[in-house]
Amino acid sequence: MLTIYGVLRSRATRTVWMARELGIPFERIDVIQANRLPAPDAPGAPLNTRSPAFLAVNPHGHVPAIDDDGLRIGESFAINLYLAKKHGGPLGPRDLAEDAQMTMWSMWAMADVEPHALAVMYNLVAKPEAERDAAAAKAGVLALERPFATLEAHLAGAGGHLVGGRFTVADLNVAEAFRYAQAAPDLFRSAPHVTAWLSAAQARPHFTQMMAERAAEPA
Ligand SMILES: N[C@@H](CCC(=O)N[C@@H](CS)C(=O)NCC(=O)O)C(=O)O
């Protein structure tokens, strides 16, 4: 049995989206970010990323994490690549070459895109206005120009998907990193292929269903 740890207002979104695309059964346990609680260590505090019971599952202390019949893994993109390979089908790699490309795109998104996209989102929309840092937002947008250009060129030549001409775990992982950049619509204006690719990914029923459940979760 697959257990996914993490509230939906976290990167657990992408793990839940992936499991639903694969059509595999799972249970999800709410683990909230410690920094969203006034006293995460207090007796009776909800299960959080500093709780000893959760650290036993993921010593890195972040969500999402999974327990798959005793195999415990953290790191959202690694989890999704594992699930795609385990369950197979069109979402996963057909051979070693596709596996390498899916890993490459996922690691690129985590290293070159997500930190800047998060800086953009936090400092343009997510943080309370008084705490926003306009310089950090601007630096994030600048740093994303190259990844946007790279992805735009790739999608234009590859038929609208990252690997193998079909929607795969690579599209799902990379779309989740680019989602945070949607706080800066200017980045998308000169990237029509990126815009169309992200819209198509986010129109998938399992994404919209997951986001609706996320929106229903307490902020
Ligand atoms: N690279 C990790 C990052 C995970 C991460 O930082 N998760 C956040 C929630 S989105 C978290 O757990 N924050 C609370 C904490 O670190 O205590 C991944 O993709 O899984």
Side-chain angles (χ1 to χ4, degrees), residues 2-22 26 28-42 45-68 71-86 91 102-128 131 136 140 143-144 147 162 168-183 201-202 207 210-211 213-219:
L2 173 66
T3 303
I4 299 175
Y5 294 86
V7 291
L8 281 174
R9 290 186 185 271
S10 79
R11 291 173 178 87
T13 49
R14 53 191 66 165
T15 316
V16 169
W17 182 15
M18 185 71 203
R20 295 236 173 100
E21 290 281 355
L22 288 166
F26 66 92
R28 189 177 60 76
I29 295 184
D30 274 337
V31 178
I32 192 167
Q33 297 92 332
N35 60 9
R36 290 176 61 195
L37 295 173
D41 300 324
L47 189 63
N48 67 78
T49 49
R50 294 292 164 271
S51 302
F54 176 65
L55 291 170
V57 177
N58 184 11
H60 303 304
H62 300 304
V63 287
I66 60 165
D67 184 319
D68 190 28
L71 176 66
R72 292 172 163 183
I73 316 234
E75 283 301 325
S76 55
F77 289 170
I79 292 169
N80 281 358
L81 287 162
Y82 160 74
L83 291 175
K85 286 185 249 188
K86 176 174 177 183
L91 288 164
M102 291 173 186
T103 304
M104 185 270 293
W105 282 113
S106 300
M107 293 183 87
W108 171 78
M110 183 140 301
D112 285 13
V113 177
E114 189 163 76
H116 306 304
L118 281 170
V120 166
M121 183 189 73
Y122 281 129
N123 292 295
L124 287 182
V125 297
K127 281 185 180 174
E131 291 170 31
L144 286 172
L162 287 176
T168 70
V169 61
D171 296 288
L172 192 156
N173 281 350
V174 178
E176 277 291 89
F178 274 74
R179 175 159 63 88
Y180 302 132
Q182 287 176 298
Q202 293 181 344
F207 176 83
M210 179 276 297
M211 287 303 272
E213 287 169 25
R214 180 182 189 275
E217 210 177 71

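Start at 1 and go down the list; that is how both ligands and their atoms are numbered.
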Asks: With no hydrogens and no angle check, is any side-chain donor or acceptor of Ser10 less than 3.5 Å from a backbone partner on Ala12?
Replies: yes

Asks: For Asp171 and Leu162, indicate whether the former's side chain and the latter's backbone hold a donor-acceptor pair under 3.5 Å.
Replies: yes

Asks: Out of all atoms in ligand 1, which are within 4.0 Å of some heavy atom of Pro64? Include the element for each.
Replies: 20 (O)

Asks: Under 4.0 Å from any heavy atom of Met110, which atoms of ligand 1 are there?
Replies: 1 (N), 19 (O)

Asks: Evaluate the side chain to side chain contact (heavy atoms under 4.5 Å, CB included) criterion for residues Trp108 and Val113: first the C-alpha distance (whole Å), next the side-chain angles of each, then the deciding distance (0.1 Å), finally the verdict.
Replies: CA-CA 7 Å; Trp108 171 78; Val113 177; 3.9 Å; yes

Asks: Does Arg50 reach the main-chain N or O of Gly61 with its side chain, forming a donor-acceptor pair under 3.5 Å?
Replies: yes

Asks: Closest non-hydrogen protein atom to atom 13 (N) of ligand 1, residue and atom name please, with distance?
Replies: Gln33 CG, 3.5 Å

Asks: Among all protein heavy atoms, pick out the one at the shortest distance from atom 7 (N) of ligand 1; state its residue, atom name and that distance to 0.1 Å.
Replies: Val63 O, 2.8 Å

Asks: Counting N and O atoms only, with roles assigned by atom type, does the side chain of Asn80 sit under 3.5 Å from a partner on the main chain of Val169, one being a donor and the other an acceptor?
Replies: no

Asks: Numbering the atoms of ligand 1 from 1, which are under 4.0 Å from a heavy atom of Gly61?
Replies: 15 (C), 16 (O), 17 (O)

Asks: In the protein, what heavy atom is nearest to atom 16 (O) of ligand 1, and what distance, to one decimal place, separates them?
Replies: His62 ND1, 2.7 Å

Asks: With heavy atoms of Arg50 as the reference, note each atom of ligand 1 found under 4.0 Å away.
Replies: 17 (O)

Asks: Check whether any side-chain heavy atom of Leu81 sits under 4.5 Å from a side-chain heavy atom of Ser106, and report yes or no.
Replies: yes

Asks: Can you tell me which residue and heavy atom of the protein come closest to atom 8 (C) of ligand 1, and the distance to 0.1 Å?
Replies: Arg11 NH1, 3.5 Å

Asks: Determine whether more than 12 heavy atoms belonging to other residues, nucleotides or ligands lie under 6.0 Å from atom CE of Met104.
Replies: yes

Asks: Just need the protein heavy atom nearest to atom 1 (N) of ligand 1, so name the residue and atom and give the distance.
Replies: Glu75 OE1, 2.8 Å

Asks: Tell me, which protein residue and heavy-atom name are nearest atom 17 (O) of ligand 1, and how many Å apart are they?
Replies: Thr49 OG1, 2.7 Å

Asks: For atom 20 (O) of ligand 1, what's the nearest protein heavy atom and its distance?
Replies: Ser76 N, 2.8 Å

Asks: Do Glu131 and Tyr122 come close enough that some side-chain heavy atom pair is under 4.5 Å?
Replies: no

